[in-house]
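Values in this document were obtained by computation on a predicted structure and should not be read as measured data.
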Amino acid sequence: MANDKEKMKAVGLYKYLPIDHPESLVDEQIDKPKAEGRDLVVEVKAVSVNPVDTKVRSPKERTEPQLRILGWDAAGVVVEAGENCSLFQPGDEVFYAGSITRQGSNSEFQLVDERIVGRKPKSLDFAQAAALPLTSITAWVGLFDRLKISHDQAQNKGKSILIIGAAGGVGSIAVQLAALAGLTVIGTASRPESIAWAKEHGAEYTINHHEPFTPQLEQLGFHGVDYIFCLNNTTLHWAEMAEAIKPQGAICSIVEAEEPVAIDMLKAKSATFVWELMFTRAKYETEDMEEQHKLLDQISAYVDNSVIKTTLTKVLSPLNAATLREAHALVETGSMIGKVVVEGPFS
């Protein structure tokens, strides 16, 4: 029987290959999704590429029986809402990061649960908005939910945070949010351009993550820091973090440890260590899943009120496999400042 379903363009993979291989990402025509329950169908206008895209796509000894679509940052327009949706309706402009367990945003239309979707900032175009969701969610949850930092500036007076990787995607947002919360922000950056970027976004001080932390902090007048947010190489920085954290301080990392770390190094200080993975709420459909919608709406309001700014630094077009391979290659250099976005139309 002929397939009479409406088709759409999508970019994905069947094989896990190096990004310079022409089949690492391919163009396909697949069935357009249909919304049910609390799902929305969003017409994707722009997507951002993050390190998670390159990690998922990296070479592995397996193949996919059907096209696997990557992409966990998007901005677009709702074209269909499931029967149980209450937060959005067709015509709404939205931005979101999606779920690691579902097909991604590198397609003309995407199915996404409305509880992890926010209203796109009115002051931004789709490309600028697409740079924000994944990094904003990661930064917000890492700071306020995992590290338990208060939103009240008065409670944070005199407290400091070290953000490792301050000029990257998550770092660019985390620096802004931490400064907004009233913390003294120390960012790590090693190049003149990344140092300037970190300071422009709210870092009062910077240190070099290629050198020991404590002597640099002491030179700035800090005998340890209250919080550390690690956005780059947990294993490499573990000993430095354990030394730099204050007694009863807290460390959060978003980067998996490549090998075991000595957690005992934190015992004498009664220091806390906690992980943050942006996909946890969506993956496990936690009871507080809708908090992701709420925080994206708050980020949107901050942007429209000029409290937070987008971290977009490069835009590529059009949306197709060749352009996305170019974006993946850029992210894989490890030296990106801010975010790279690929905007439509699909071609």
Side-chain angles (χ1 to χ4, degrees), residues 1-12 28-48 50 52-53 56 64-122 124-126 129-134 136-138 140-141 277-301 319 343-346:
M1 189 166 67
N3 186 347
D4 58 357
K5 287 187 177 179
E6 190 177 347
K7 296 290 186 178
M8 68 173 183
K9 295 175 182 176
V11 177
E28 286 279 14
Q29 289 263 353
I30 63 171
D31 292 341
K32 179 183 172 183
K34 181 167 178 56
E36 295 178 347
R38 297 202 70 176
D39 280 346
L40 307 170
V41 174
V42 177
E43 182 180 6
V44 176
K45 299 292 189 180
V47 300
S48 175
N50 294 282
V52 64
D53 296 72
V56 172
E64 297 292 341
Q66 62 180 26
L67 188 72
R68 181 172 188 187
I69 303 169
L70 309 183
W72 293 283
D73 248 348
V77 180
V78 176
V79 294
E80 187 183 345
E83 67 277 9
N84 296 328
C85 287
S86 58
L87 303 174
F88 298 97
Q89 59 188 12
D92 288 342
E93 296 185 349
V94 296
F95 71 148
Y96 57 90
S99 169
I100 194 74
T101 61
R102 304 181 75 173
Q103 292 283 41
S105 54
N106 296 341
S107 56
E108 282 187 285
F109 299 92
Q110 184 182 8
L111 207 57
V112 60
D113 191 304
E114 68 166 357
R115 291 171 290 179
I116 57 171
V117 173
R119 296 188 180 279
K120 182 183 80 67
K122 292 183 175 65
L124 300 185
D125 61 27
F126 288 106
L132 285 169
L134 184 144
S136 296
I137 297 163
T138 304
W140 184 289
V141 177
L277 178 66
M278 190 222 71
F279 296 115
T280 297
R281 281 173 168 146
K283 180 177 180 178
Y284 296 100
E285 296 191 6
T286 58
E287 290 182 3
D288 67 346
M289 187 173 167
E290 201 168 308
E291 289 301 311
Q292 197 155 305
H293 157 71
K294 293 175 184 176
L295 78 83
L296 282 173
D297 273 4
Q298 184 61 66
I299 289 290
S300 187
L319 260 167
E343 66 177 348
F346 275 82

Residue pairs involving residues 90-116 (criterion ring pair (Phe, Tyr, Trp, His ring centres under 6.0 Å); sequence neighbours excluded) =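 The answer is none; no pair qualifies.
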Crowding at CD, E287 (>12 non-hydrogen neighbours, <6.0 Å) |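 Open: at most 12 neighbouring heavy atoms sit under 6.0 Å from CD of E287.
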Does [X] reach the side chain of [Y], with side-chain heavy atoms less than 4.5 Å apart?
| X | Y | value |
| --- | --- | --- |
| E36 | E83 | yes |
| S107 | K9 | no |
| V52 | L134 | yes |
| H293 | L87 | yes |
| D39 | E114 | no |
| V44 | V47 | yes |
| R102 | D113 | yes |
| L295 | V141 | yes |

The ring pair (Phe, Tyr, Trp, His ring centres under 6.0 Å) partners of F346 (sequence neighbours excluded) come to none
Smallest separation among heavy atoms of [X] and [Y], with atom names:
| X | Y | answer |
| --- | --- | --- |
| G344 | L319 | N-CD1, 3.7 Å |
| I100 | R68 | O-NH2, 4.1 Å |
| D73 | L132 | OD1-C, 4.4 Å |
| I30 | A10 | CD1-CB, 3.9 Å |
| A74 | P133 | O-CG, 4.1 Å |
| P33 | Q110 | CG-C, 4.4 Å |

Who are the side-chain contact (heavy atoms from CB on, under 4.5 Å) partners of [X], not counting sequence neighbours?
| X | result |
| --- | --- |
| T286 | R281, Y284, D288, M289 |
| D92 | V78, F88, Q89, V94, R119 |
| N84 | R38 |

Reported [atom1]-to-[atom2] distance for the pair [X] and [Y], which is rounded to 0.5 angstrom:
| X | Y | atom1 | atom2 | value |
| --- | --- | --- | --- | --- |
| E93 | E43 | CD | CD | 11.0 Å |
| L296 | I116 | CG | CD1 | 9.0 Å |
| S99 | M278 | OG | CE | 8.0 Å |
| E290 | S86 | CD | OG | 6.5 Å |
| W72 | D53 | CH2 | CG | 5.5 Å |

Of all residues at least two apart in sequence or in a different chain, which pass the salt bridge (charged side-chain N to carboxylate O under 4.0 Å, His left out) check with E291?
-> K294
State whether the side chain of N106 and the backbone N or O of I69 hold a donor-acceptor pair below 3.5 Å, judged by distance alone.
->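 Checked: no pair found.
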Q103 side-chain N/O to L67 backbone N/O, donor-acceptor pair under 3.5 Å =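 It does hold such a pair.
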Would D297 and K120 pass as an ion pair if we require N to O under 4.0 Å?
-> no
Hey, is E80 close enough to K34 for a salt bridge, meaning N to O under 4.0 Å?
-> yes
